[in-house]
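In this text, all values refer to a predicted model and were calculated from it rather than measured experimentally.
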Amino acid sequence: MSYEMRQLRKEDLSLYYYIRHIAMLDFIESEELAVLNRLELHEACEDDVRIYEALTEWCGVDGVDPNPTERGRGWVYLDCSTVSGTNQCSPYTLVSGTDTIDEGIFGIAEQSNTVKVYDVNLQEIPDTDYMVDYIDGRIIISDPNIPTPVYIDYDWYYVSVVDEWAAIEAANPPVIVIDVHGTDKTGYQLGAGKKATRKVDLHIFSSNPAERNDIVETLYDSLYNNSCPIYNFPQGTMLEYDGTWYGRKNTTDKLASLFNPVTSTDVIGNLIFNNVVSRNISLPLVMTRDRNEIMLSDLNAYRSKISFDLVSYTGM
């Protein structure tokens, strides 16, 4: 990409990080001593690369249980101690190190405690010996001398968070859809400067009313009278397109691939959440798309929506 990402995209990603890491911090599940299964690789793949995935047969018992690797979930890639959530200006605990271009920074480090891999004797394999694909739930080993991984402990995101409607059917509930659907900009001072107001809806789909109410109340409280930083993403997001930590392929030192949390220089202050409102939505389970197509949707059984204005101020 030859151009810098625009302000709307930065705000959308920053809001996603806030909901994923801060608001939904309590909705994390743990799996212990899951069995790892080695995948058969295509002939074009490197011979010395071994990839293992964690078995999740328990998810298929009734077909409605959330799967750790469904769209919008994945394994937890930040330690709980990294996410303080108490400081609106700096909700992450930062450590000293370098980013992917070898510049010294105080940044956010990849997890060291949420994923643990063991050999057949239940001896923990050092995390410098493998990479983690957090999206698809896989362990990647490129050194043939490393012991065969057999078991794994991992934390995973119970609530699926997505930013597109097409992804709703790709995961079992609970699902949160982030929908930034409108923008208004006005001047707020004499000369340069403007106030941008994004219209945002969070659509919550749950499997029962108790779960829906817990998620809605948690989200509402995390937004009401709160704000979040808007990050500049100078080297990209925390995860690569393939689910690995950004820059981890080039180093085994987690302090040499820190996420740069520098905030946007275009925005004055934080992203502000204004006019937060939540409502339950009652829609029929049987919906008709057209005259000849009838759709049965369990997603509408326990559904809610939180609406708010995402406000930012720029000096240009």
Side-chain angles (χ1 to χ4, degrees), residues 1-24 72 83 85-92 105 107-108 159-168 175-205 215-216 218-239 241 246 259-279 281 303-316:
M1 185 175 66
S2 59
Y3 64 89
E4 181 182 359
M5 67 173 68
R6 298 299 189 256
Q7 197 69 19
L8 173 57
R9 188 174 166 197
K10 293 179 183 179
E11 293 183 17
D12 196 3
L13 283 170
S14 298
L15 176 61
Y16 173 87
Y17 275 4
Y18 181 80
I19 293 174
R20 164 58 76 209
H21 301 148
I22 311 302
M24 293 287 101
V83 185
T86 57
N87 188 337
Q88 293 183 38
C89 295
S90 182
Y92 300 101
I105 62 168
I108 301 171
V159 179
S160 171
V161 181
V162 296
D163 59 359
E164 54 181 323
W165 279 96
I168 297 176
V175 177
I176 297 173
V177 180
I178 303 174
D179 182 17
V180 182
H181 60 86
T183 297
D184 295 315
K185 295 185 179 182
T186 58
Y188 77 95
Q189 63 181 17
L190 293 177
K194 56 190 172 186
K195 170 185 175 183
T197 302
R198 318 285 187 187
K199 299 295 183 179
V200 182
D201 289 334
L202 302 180
H203 300 270
I204 298 96
F205 302 87
I215 293 175
V216 169
T218 300
L219 278 174
Y220 189 97
D221 289 343
S222 69
L223 296 169
Y224 181 70
N225 281 345
N226 278 327
S227 65
C228 76
I230 172 172
Y231 299 106
N232 207 35
F233 302 99
Q235 275 81 54
T237 56
M238 294 184 187
L239 297 185
Y241 69 94
Y246 190 83
F259 172 76
N260 192 335
V262 62
T263 53
S264 175
T265 57
D266 295 329
V267 175
I268 301 171
N270 275 6
L271 293 174
I272 304 168
F273 310 125
N274 280 348
N275 304 321
V276 184
V277 177
S278 70
R279 296 288 185 270
I281 296 177
R303 180 176 168 183
S304 190
K305 181 174 75 171
I306 297 178
S307 301
F308 60 94
D309 295 334
L310 187 66
V311 180
S312 63
Y313 296 89
T314 60
M316 298 297 294

Step-by-step side chain to side chain contact (heavy atoms under 4.5 Å, CB included) determination, Ser14 to Leu271: CA-CA 9 Å; Ser14 298; Leu271 293 174; 4.2 Å; yes
Intermediate values then yes/no, side chain to side chain contact (heavy atoms under 4.5 Å, CB included), Ser264 and Asn232: CA-CA 5 Å; Ser264 175; Asn232 207 35; 4.1 Å; yes
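- Looking only at distances, a side-chain donor or acceptor of Asn87 sits under 3.5 Å from a matching main-chain atom of Cys89.
- Between the OG atom in Ser160 and the CZ atom in Phe205 there is a gap of 11.0 Å [rounded to 0.5 Å].
- Gln7 and Thr314 share no side-chain donor-acceptor pair at under 3.5 Å.
- Under the 3.5 Å distance criterion, the side-chain polar atoms of Arg198 are left unmatched by any main-chain donor or acceptor of Ser312.
- Counting heavy atoms from C-beta outward, Pro229 and Pro91 have side chains that approach closer than 4.5 Å.
- Residues Asn260 and Ile105 approach most closely at CA-CD1, 3.9 Å, considering heavy atoms.
- You'll find the side chain of Tyr92 reaches within 4.5 Å of the side chain of Val83, heavy atoms only.
- Taking CD1 of Ile268 as the reference point, atom OH of Tyr313 lies at 10.0 Å (rounded to 0.5 Å).
- Partner Ser304 forms a side chain to side chain contact (heavy atoms under 4.5 Å, CB included) with one of Leu219, Val216, Ile281 and no other, that one being Val216.
- The backbone N or O of Tyr231 lies less than 3.5 Å from no partner atom in the side chain of Tyr17, so there is not a single donor-acceptor pair.
- Note that the CD1 atom of Ile306 and the OH atom of Tyr220 stand 8.5 Å from one another [nearest 0.5 Å].
- Taking NZ of Lys10 as the start and CG of Leu15 as the end, the distance is 16.0 Å to the nearest 0.5 Å.
- The CG atom of Asp201 sits 12.5 Å away from the CZ atom of Arg279 when rounded to the nearest 0.5 Å.
- Of the candidates Asn274, Asn275, Thr197, Asn275 is the only one forming a side-chain hydrogen bond (donor to acceptor under 3.5 Å, both in side chains) with Asp309.
- Using a 4.5 Å cut-off on side-chain heavy atoms (C-beta onward), Cys228 and Ile22 make no contact.
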CA sep, side-chain torsions, deciding dist, call: Leu310, Val180, side chain to side chain contact (heavy atoms under 4.5 Å, CB included): CA-CA 9 Å; Leu310 187 66; Val180 182; 5.7 Å; no
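- Remark: the backbone N or O of Ala23 is not paired with any side-chain donor or acceptor of Tyr18 at under 3.5 angstrom.
- Ring pair Tyr246/Phe233: centre-to-centre distance not below 6.0 Å.
- Put simply, the side chain of Met238 reaches to within 4.5 Å of the side chain of His21, judged on heavy atoms.
- Minimum interatomic distance between Ile176 and Met24 (heavy atoms only, all atoms of both residues): CD1-SD, 3.9 Å.
- Checking Asp179, Val177, Leu223 one by one against Leu202, the side chain to side chain contact (heavy atoms under 4.5 Å, CB included) holds for a single residue, Leu223.
- Taken to the nearest 0.5 Å, the CD1 atom of Ile272 stands 11.0 Å off from the CG atom of Asn225.
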Derivation and outcome, side chain to side chain contact (heavy atoms under 4.5 Å, CB included), residues His203 and Val175: CA-CA 8 Å; His203 300 270; Val175 177; over 6 Å; no
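- Between Val311 and Lys195, the shortest heavy-atom contact is CG1-CE, 3.7 Å.
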